[in-house]
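None of these values were measured; they are calculated from a predicted model. Residue numbers start at 1 and run along the sequence shown.
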Amino acid sequence: EEEKQIPLPGANILWAGTSTGTATDSQGRFELERVSNSDLLVVSFTGYLTDTVKYEGQDDMQIALTTGVALDAVDVVSREKTTSLSLLDPLNVQRMDGEELRKAACCNLSESFETNASVDASFTDAITGTRQIKMLGLSGRYSQILRDNIPNVRGLSTIYGLGYIPGDWIEDIHISKGAGSVTSGFESMTGEINVALKDAYMEEKAHFNLYGNQGGRLEFNGLGRWKVSDTWSTIAMGHAELNQTVTDRNDDGFYDNPQKQDFVLRNQWRFQSDDHWEGQYSLDYLEQHQQSGQISAIDENGELWRMHLDAERLEATAKTGYVFDDFWGSSFGSQFSYLKYDMDLEAGLQQFIGSQETFRGNLLYATNLGCKSRALTVGTTLLHERYEQHLDTIDMDRTETVIGAYAEFTWNPNERLSTILGMRADEHNLFGTMLSPRFHLRYSLSESLSAKMAVGRGYRTANPVTDNLGLLASNREWIIESPLVQESAWNLGVNLTYKFKIDYREASLAADAYSTRFDEALVVDQETPGLVQIYALDGERFSNSAQVEFSWEMMRRTDIRLAYRYTDAQTDFEQGRLLQPFTPEHRGFFNLGFETKETDKGAQWKMDGTLQYIGEQRLPRLEPATQNPIEPYYHSPDFLQLHGQITRVFRKGLEAYLGVENLGDYRQGNPIQSSDDPFSDTFDGSQIWGPVFGRMTYLGLRWTLY
């Protein structure tokens with residue numbers, strides 16, 4: 001059948017070997033002035049084969065082009081990295097999305113960093129099973145942890161609060177090393193961790209997760225969203241955890257895993273109108289019951305060494321914003337939060353009773369000053385807190401009121417350079433004026449290589465007992481110096497991030513070095529057996545950390561990450577300058593992830609494995625100082641930990657996962673000192689440098705409705 005001929009508007013016609021040419025009009029017609037040095041016309045049009053026609057002097061020509069080779073449809077598939085670094089952000093921020101969190105059990109925030117090389121997770125003690133984190137060689141209390149950009153895990157919940165944010169509620173996590181933004185407050189020293197929760201605008205309509213492990217831990221997470229009106233939407237979230245199993249694999253007479261009965265409820269409402277107003281308002285409630293310690297009595301009197309925790313937490317937040325329709329690109333925002341937290345902790349013969357009531361208000365105004373290269377944010381903050389804390393006869397009640405103001409200026413003069421200069425001043429009713437300067441700089445050496453620098457100062461008021469809850473898992477006597485000083489530290493860091501390709505596949509290399517140095521600090525001294533001494537620093541305390549991390553999509557749907565970190569953390573104790581205990585100088589990290597190709601229905605397999613190397617750690621003295629020290633008693637051995645998970649996605653929204661933590665079953669020998677005499681002065685379950693509970697297998701099911 002003869003093909004139908006149609007006019008081609010916009011076809012290009014050139015005299016061969018010249019730049020003289022024209023294009024056809026809407027009817028496919030053209031006029032072209034004759035040249036003397038060519039008699040060949042080159043005709044081209046997108047989707048057609050280019051043709052060359054000889055001109056033989058005629059006034060009219062009809063040129064027919066042949067269509068190009070027809071191709072089948074081509075699917076272009078892009079894989080977003082589950083962990084990513086930005087070359088353009090002046091802050092050294094690493095983003096972990098929901099897919100990254102699902103590579104591990106990730107039942108709560110404290111378990112979310114298993115596949116991350118920048119944040120370390122370990123146990124506080126051998127009795128409660130509570131996890132803590134470290135960053136840049138220092139405890140997580142020196143990193144400001146925010147939830148939806150509002151300070152959250154702090155105060156009396158510095159340790160336990162990490163377990164109050166279920167993993168299935170998390171949309172993504174942003175980890176920023178070094179001094180954070182002044183808009184978040186004055187408490188950031190080693191970095192910021194902002195946890196963004198799923199909200200009423202999430203993609204899923206509902207999500208459910210069931211989890212269980214061989215230690216008897218059962219968990220349920222559920223969340224669902226509804227659109228109430230054109231302007232209002234809401235989401236309801238629920239979390240429940242139960243463990244009533246009795247396990248004692250190492251036969252020391254103590255629970256391997258604590259018995260628990262916890263639940264958390266959250267309801268958030270989101271508002272967005274056509275007249276530039278929007279808001280987010282939420283209410284959270286938590287109830288926690290936990291029991292651990294001795295399973296059965298050893299002596300005739302039947303007395304048991306137990307740790308029992310009851311906690312209740314109520315939190316309300318309100319965020320409102322308005323975007324002005326003006327030349328200055330201005331917006332106004334407010335953040336208000338209220339927290340009431342009560343805890344009652346019995347540990348052997350000791351009892352800690354704590355209560356925290358916190359109100360925080362933050363008002364801020366942002367503008368780009370009518371220019372894309374500049375931005376200014378100014379604001380004011382009010383923080384009012386009331387603490388009641390009693391450890392036996394030690395009274396640590398206090399009331400804090402802090403009024404502050406801040407300004408943060410961003411300047412991007414060109415594509416290569418970006419700077420953020422911030423300053424905040426806070427007036428504390430107990431500690432006076434606090435100045436927190438912060439400066440961040442990013443300079444792009446090329447499109448794929450970025451250099452960053454950050455410097456800043458942070459402050460925090462310590463809560464000696466709840467900051468060090470793991471030490472209650474012992475019969476140590478607490479000696480706390482009064483009055484307490486407010487801790488303050490400077491942090492300086494540099495970073496180089498390079499993104500490139502190996503064998504046509506994306507790769508990145510990031511290297512950074514940070515130093516944290518304290519002006520004032522509380523020293524937690526465990527160097528004398530049977531004592532916990534907390535006193536003001538007299539001398540120096542610092543932590544220097546350097547890390548290099550390599551990431552590469554080695555093959556299609558196969559990613560590897562390698563990292564190494566060196567840490568030098570030292571403190572001037574009463575005994576002299578010593579390495580900070582339980583802090584490895586060397587850490588290694590290797591992660592391998594693989595996915596099969598998705599079927600039309602979204603079915604696939606996912607496999608992930610993480611190998612961690614933990615170097616030796618200095619340990620506090622376990623013998624009286626009059627005895628000659630023996631070197632092996634003062635350093636832990638180095639060891640490896642291997643974690644893995646296999647996920648079967650049956651279809652989009654339905655998947656099952658099977659995983660194992662500590663596959664090699666490596667365990668610290670004798671984690672509880674004098675476990676056969678729990679009421680003696682030498683009983684101690686707080687000296688933890690390695691895994692306590694051994695290999696742990698888990699199984700789960702996720703179901704999502706879209």
Can you check whether [Y]'s main-chain N or O pairs, donor with acceptor, with [X]'s side chain at less than 3.5 Å?
X: Lys452; Y: Asp89; answer: yes
X: Gln356; Y: Leu156; answer: yes
X: Arg416; Y: Leu445; answer: yes
X: Thr231; Y: Gln272; answer: no
X: Asp397; Y: Gln389; answer: yes
X: Arg374; Y: Asn412; answer: no
X: Ser543; Y: Leu136; answer: yes
X: Ser157; Y: Tyr160; answer: no
X: Arg225; Y: Asp199; answer: no
X: Ser233; Y: Ser229; answer: no

Can [X] and [Y] be counted as having a side-chain donor-acceptor contact under 3.5 angstrom?
X: Thr433; Y: Glu427; value: yes
X: Tyr142; Y: Asp467; value: no
X: Thr401; Y: Asn429; value: no
X: Asn495; Y: Thr497; value: yes
X: Asn116; Y: Gln94; value: yes
X: His384; Y: Glu400; value: no
X: Gln268; Y: Gln280; value: yes
X: His207; Y: Asp168; value: yes
X: Thr115; Y: Asn591; value: no
X: Glu408; Y: Ser181; value: yes
X: Ser444; Y: Arg442; value: yes
X: Asn194; Y: His174; value: no
X: Ser330; Y: Tyr365; value: yes
X: Asn463; Y: Arg398; value: yes
X: Ser282; Y: Thr317; value: yes
X: Thr358; Y: Glu385; value: yes

If the threshold is 4.0 Å, N to carboxylate O, is there a salt bridge linking [X] and [Y]?
X: Lys606; Y: Asp608; result: no
X: Arg460; Y: Glu487; result: yes
X: Glu111; Y: Arg131; result: yes

(request) Start with the C-alpha distance between Arg561 and Asp559, add both sets of side-chain angles, then the distance that settles salt bridge (Lys or Arg N to Asp or Glu O under 4.0 Å), and finish with yes or no. (result) CA-CA 7 Å; Arg561 274 182 287 142; Asp559 298 300; over 6 Å; no
For the residue pair [X] and [Y], what are the closest heavy atoms and their distance?
X: Tyr706; Y: Gly653; value: CE1-CA, 3.9 Å
X: Arg457; Y: Ser488; value: NH2-OG, 3.9 Å
X: Ser373; Y: Cys371; value: OG-SG, 2.9 Å
X: Met189; Y: Gly458; value: CE-O, 3.5 Å

Quick one, [X] and [Y] - any side-chain contact, counting heavy atoms below 4.5 Å?
X: Ser118; Y: Gln547; result: yes
X: Asn267; Y: Thr234; result: yes
X: Tyr164; Y: Arg313; result: yes
X: Trp169; Y: Leu109; result: no
X: Asp120; Y: Met135; result: no

Can you establish whether the number of heavy atoms outside [X] located under 6.0 Å from its atom [atom1] is more than 12?
X: Lys205; atom1: NZ; value: no
X: Asp274; atom1: CG; value: no
X: Asp275; atom1: CG; value: yes
X: Trp490; atom1: CH2; value: yes

(request) Take the angle between the ring planes of Phe271 and Trp232 and call it parallel below 30°, perpendicular above 60°, tilted in between. (result) tilted
(message) For Tyr338, run the side-chain hydrogen bond (donor to acceptor under 3.5 Å, both in side chains) check against Arg360, Glu357, Glu315 and tell me which one passes.
(response) Glu357
(message) Ring of Tyr514, cation from Lys177 - is the NZ or CZ under 6.0 Å from the centre and inside 45° of the axis?
(response) no
(message) Could you check whether Arg270 makes a cation-pi contact with Tyr281, meaning its NZ or CZ is under 6.0 Å from the centre of the six-membered ring and within 45° of the ring axis?
(response) no
(request) Go through the steps for Glu187 and Arg154 under the test salt bridge (Lys or Arg N to Asp or Glu O under 4.0 Å), then give the verdict. (result) CA-CA 10 Å; Glu187 293 180 323; Arg154 55 181 304 279; 2.9 Å; yes
(message) Using ring centroids (six-membered ring only for Trp), state whether Phe324 and Tyr322 fall under 6.0 Å.
(response) yes
(message) For Tyr387 and Tyr341, I'd like to know if the aromatic rings sit close, meaning centre-to-centre distance below 6.0 Å.
(response) no
(message) Working to the nearest 0.5 angstrom, can you tell me the gap between Phe409 CZ and Ile420 CD1?
(response) 11.0 Å
(message) Using salt bridge (Lys or Arg N to Asp or Glu O under 4.0 Å), reason through Arg266 and Asp148 one step at a time and then give a plain yes or no.
(response) CA-CA 14 Å; Arg266 173 178 171 84; Asp148 292 331; 3.7 Å; yes
(request) List the steps, then state whether salt bridge (Lys or Arg N to Asp or Glu O under 4.0 Å) holds for Glu203 with Lys198. (result) CA-CA 9 Å; Glu203 179 186 5; Lys198 295 179 180 178; over 6 Å; no
(message) Taking side chain to side chain contact (heavy atoms under 4.5 Å, CB included) as the criterion, tell me which of Asn152, Thr158, Ile133 meets it with Ile145.
(response) Ile133
